[in-house]
There are 2 protein chains.
Amino acid sequence: MIKLFENISEKEMLQLKRILRASTFQYPKNINILSNVNRDDFIALIEKGTVELIYTDYEGNKTVIEELTAGEVFGTLTSSIRSEGITCITKEETLITFIEYDQITNDEIIKNDFYIIFVKNLIKILTEQLSTRNIRIELLTKRTTRDKLLAYFKYMDQKTGDGSKTFKLPLTHTELANYLSVDRSAMTRELKYLKEEGFIEQIGKKIILHY
Amino acid sequence: MIKLFENISEKEMLQLKRILRASTFQYPKNINILSNVNRDDFIALIEKGTVELIYTDYEGNKTVIEELTAGEVFGTLTSSIRSEGITCITKEETLITFIEYDQITNDEIIKNDFYIIFVKNLIKILTEQLSTRNIRIELLTKRTTRDKLLAYFKYMDQKTGDGSKTFKLPLTHTELANYLSVDRSAMTRELKYLKEEGFIEQIGKKIILHY
DNA sequence: TGTAAAGTGTTGCAAATGCAACACTTATTT
DNA sequence: AAATAAGTGTTGCATTTGCAACACTTTACA
């Protein structure tokens with residue numbers, strides 16, 4: 001199910017795609033899908049497979065910015081795909097549909113009965129992305145690793161929670177350290193302190209908060 | 001001129017506002033405008049005046065997250081207005097129009113001739129905000145104050161620049177330190193080192209890059 | 001215009017952090 | 001099943017950073 005076409009039937013989706021002049025491509029594993037990207041702004045829908053946005057700095061160090069899977073959407077206006085050092089790599093065989101931004105308001109589409117649902121979906125996707133960005137900024141502006149971790153845990157608890165103060169870490173430590181932009185080993189050290197001081201308990205991937 | 005109604009005449013704007021069930025309020029200076037905010041998601045248009053989004057932490061320290069002026073737009077889905085510790089204060093006499101998100105796709109509005117322009121404007125606003133968030137995240141993930149400053153300067157040069165490697169700082173040092181989430185005095189120190197090592201020159205608010 | 005408020009530059013010091021290196025465990029791949 | 005890659009926990013050490021305090025300048029405003 002593709003977020004952008006939620007509540008739109010298969011048949012209507014195909015029609016909308018045609019009107020939007022969408023084009024679909026299939027990529028093997030480990031392909032840089034935007035190597036020959038043109039100038040126009042676009043949205044990319046991942047129909048099947050996985051794509052990673054990777055940042056490579058001037059020394060060659062690589063960081064995974066985002067992992068995107070089937071149903072998800074990305075594009076020039078929602079991610080900094082055009083920035084220097086950013087590449088977009090398929091992790092497996094992947095099917096992607098591209099829609100040019102200008103087509104989103106073309107003359108034909110606005111007459112379509114499902115346009116209003118399509119627009120609603122698009123706006124929802126954009127505002128959801130804004131929300132995830134705002135949350136990350138809130139975490140990144142914390143000055144210490146401890147504050148970042150505590151704020152992240154609190155957020156995870158609220159998000160997944162039934163008020164149980166218990167949740168499962170959805171990221172590896174390496175990924176979490178990247179997400180919070182701290183050194184992995186320093187983060188592990190801080191986690192140890194938090195456990196020793198009784199702020200949290202950790203059983204495997206499960207975290208229990210005591211604050 | 002309100003971004004959300006760009007390319008829409010005064011007359012049509014009033015009509016759209018009526019269909020969208022928009023309501024306008026006038027606030028004196030230093031008022032917390034969202035003290036009695038309801039549950040529904042909304043967009044707020046600043047018609048006149050200035051509003052600041054302020055974060056107050058558990059110790060009472062305040063940080064200005066965003067300053068918004070006439071023509072700009074904010075809302076529950078684009079800013080973390082609902083988060084704990086966030087307040088929204090008028091800096092002067094301010095006129096604000098509220099539109100509920102659900103109204104953006106109401107039955108009447110989608111028949112309006114100017115709806116398509118309105119939607120285009122809304123999508124443009126959302127993607128612009130996403131872009132500013134992405135840039136800030138890119139800066140905040142730099143590990144050192146030096147890297148944050150160099151990346152910020154590079155960005156400012158690209159943005160305002162004619163390739164002259166010269167631009168005017170649009171923020172006070174205090175504001176820039178908050179934006180980059182570093183200690184102000186430590187930032188001043190780092191700026192001094194950057195000047196001493198010849199990476200930058202600074203004449204008043206003007207910055208000249210040598211890298 | 002005079003006073004209060006906000007911003008700036010500087011510095012010593014303690015604390016937090018990144019870095020590097022290593023051994024070890026867990027996944028993934030062939 | 002063996003081999004390779006990715007992730008984890010730990011530690012010493014150098015560096016960076018935040019913090020606090022202060023004097024001084026600039027801006028805002030009553």
Side-chain angles (χ1 to χ4, degrees), chain A residues 28-30 50 52 54 57 59-64 67 89 91-93 139-151 168-197 199-207, chain B residues 28-30 50 52 54 57 59-64 67 89-93 139-151 168-197 199-200 202-207:
Chain A
K29 186 178 166 179
N30 285 325
T50 311
E52 273 183 353
I54 295 174
D57 69 18
E59 281 179 320
N61 305 311
K62 293 184 179 193
T63 324
V64 176
E67 186 179 283
I89 309 287
K91 295 303 290 176
E92 52 190 314
E93 192 179 274
L139 297 174
L140 287 174
T141 52
K142 305 286 178 199
R143 295 288 173 84
T144 63
T145 303
R146 171 168 293 215
D147 283 347
K148 285 180 181 174
L149 283 170
L150 291 178
K168 198 165 149 284
L169 264 190
L171 303 172
T172 66
H173 284 192
T174 305
E175 286 167 342
L176 180 55
N178 281 328
Y179 180 70
L180 300 176
S181 194
V182 294
D183 181 74
R184 181 196 59 78
S185 66
M187 191 186 84
T188 304
R189 179 167 47 199
E190 197 58 44
L191 273 173
K192 195 177 67 180
Y193 295 155
L194 284 173
K195 282 183 246 174
E196 283 170 5
E197 294 173 35
F199 283 97
I200 61 167
E201 266 180 86
Q202 191 182 6
I203 302 158
K205 287 249 170 209
K206 201 172 78 173
I207 302 274
Chain B
K29 186 178 165 178
N30 284 325
T50 311
E52 273 182 353
I54 295 173
D57 69 19
E59 281 179 319
N61 304 312
K62 293 182 179 194
T63 323
V64 176
E67 187 179 282
I89 310 288
T90 56
K91 294 303 290 176
E92 52 191 311
E93 192 178 275
L139 297 174
L140 288 173
T141 51
K142 305 284 178 200
R143 295 287 173 84
T144 63
T145 303
R146 170 169 294 215
D147 283 347
K148 285 180 181 174
L149 283 170
L150 291 179
K168 199 166 147 282
L169 264 190
L171 303 172
T172 65
H173 284 191
T174 305
E175 286 166 343
L176 179 56
N178 281 328
Y179 180 70
L180 299 176
S181 195
V182 295
D183 181 74
R184 181 196 59 79
S185 66
M187 190 186 85
T188 304
R189 179 168 44 200
E190 197 58 43
L191 273 175
K192 195 178 66 181
Y193 295 154
L194 284 173
K195 281 183 247 174
E196 283 170 5
E197 296 173 35
F199 283 96
I200 61 166
Q202 190 181 8
I203 302 158
K205 287 249 169 208
K206 200 172 79 173
I207 304 274

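Proteins get letters first, then strands, A, B, ... in listed order; numbering begins at 1 in each.
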Applying salt bridge (charged side-chain N to carboxylate O under 4.0 Å, His left out) to K205(A) and not counting sequence neighbours gives none
Once you apply a heavy-atom cut-off of 4.0 Å, does K91(A) come out as touching a base, just sugar-phosphate, or nothing?
nothing
Tell me: CG of N178(A) to P of dG7(D), nearest whole Å?
9 Å
side-chain hydrogen bond (donor to acceptor under 3.5 Å, both in side chains) filter on E67(A), not counting sequence neighbours, yields none
Quick one: side-chain contact (heavy atoms from CB on, under 4.5 Å) partners of K192(A), sequence neighbours excluded?
E196(A)
Can you list everything that forms a salt bridge (charged side-chain N to carboxylate O under 4.0 Å, His left out) with E93(A)? Sequence neighbours excluded, please.
K48(A)
At their closest point, which heavy atom of R184(B) faces which heavy atom of A177(B), and how far apart are they?
CA-CB, 3.7 Å
Residues of residues 184-195 of chain B with a heavy atom under 4.0 Å from any atom of DNA chain D, listed by number, are S185(B), A186(B), R189(B), E190(B)
Length of the line joining R143(A):CZ and dT16(D):P, which is rounded to integer Å
18 Å
Among residues at least two apart in sequence or on other chains, which ones pass side-chain contact (heavy atoms from CB on, under 4.5 Å) with K91(B)?
T50(B), E52(B)
Sequence neighbours left out, what passes side-chain contact (heavy atoms from CB on, under 4.5 Å) with E197(B)? Give chain and number order.
R146(B), Y193(B), F199(B)
Heavy-atom closest contact (V182(A) atom, R143(B) atom, distance)
O-NH2, 3.2 Å
Apply salt bridge (charged side-chain N to carboxylate O under 4.0 Å, His left out) to E175(A) and list each qualifying residue two or more places apart in sequence or on a separate chain.
none
To the nearest 10°, give me the bend of the helix from dT1(C)-dA30(D) to dT30(C)-dA1(D), comparing the axes of its five terminal pairs at either end.
70°
I'd like to check the side-chain hydrogen bond (donor to acceptor under 3.5 Å, both in side chains) partners of S185(A); sequence neighbours left out, ordered by chain and number.
D183(A)
Taking any atom under 4.0 angstrom from a heavy atom of chain B, which nucleotides of DNA chain C are the first and last to qualify, 5' to 3'?
dG7(C) to dC19(C)
Between K205(B) (NZ) and dT25(D) (C1'), how many Å, whole number?
13 Å
Quick one: salt bridge (charged side-chain N to carboxylate O under 4.0 Å, His left out) partners of E92(A), sequence neighbours excluded?
none
Output the rounded distance in Å from CD (Q202(A)) to C1' (dG7(D)).
14 Å
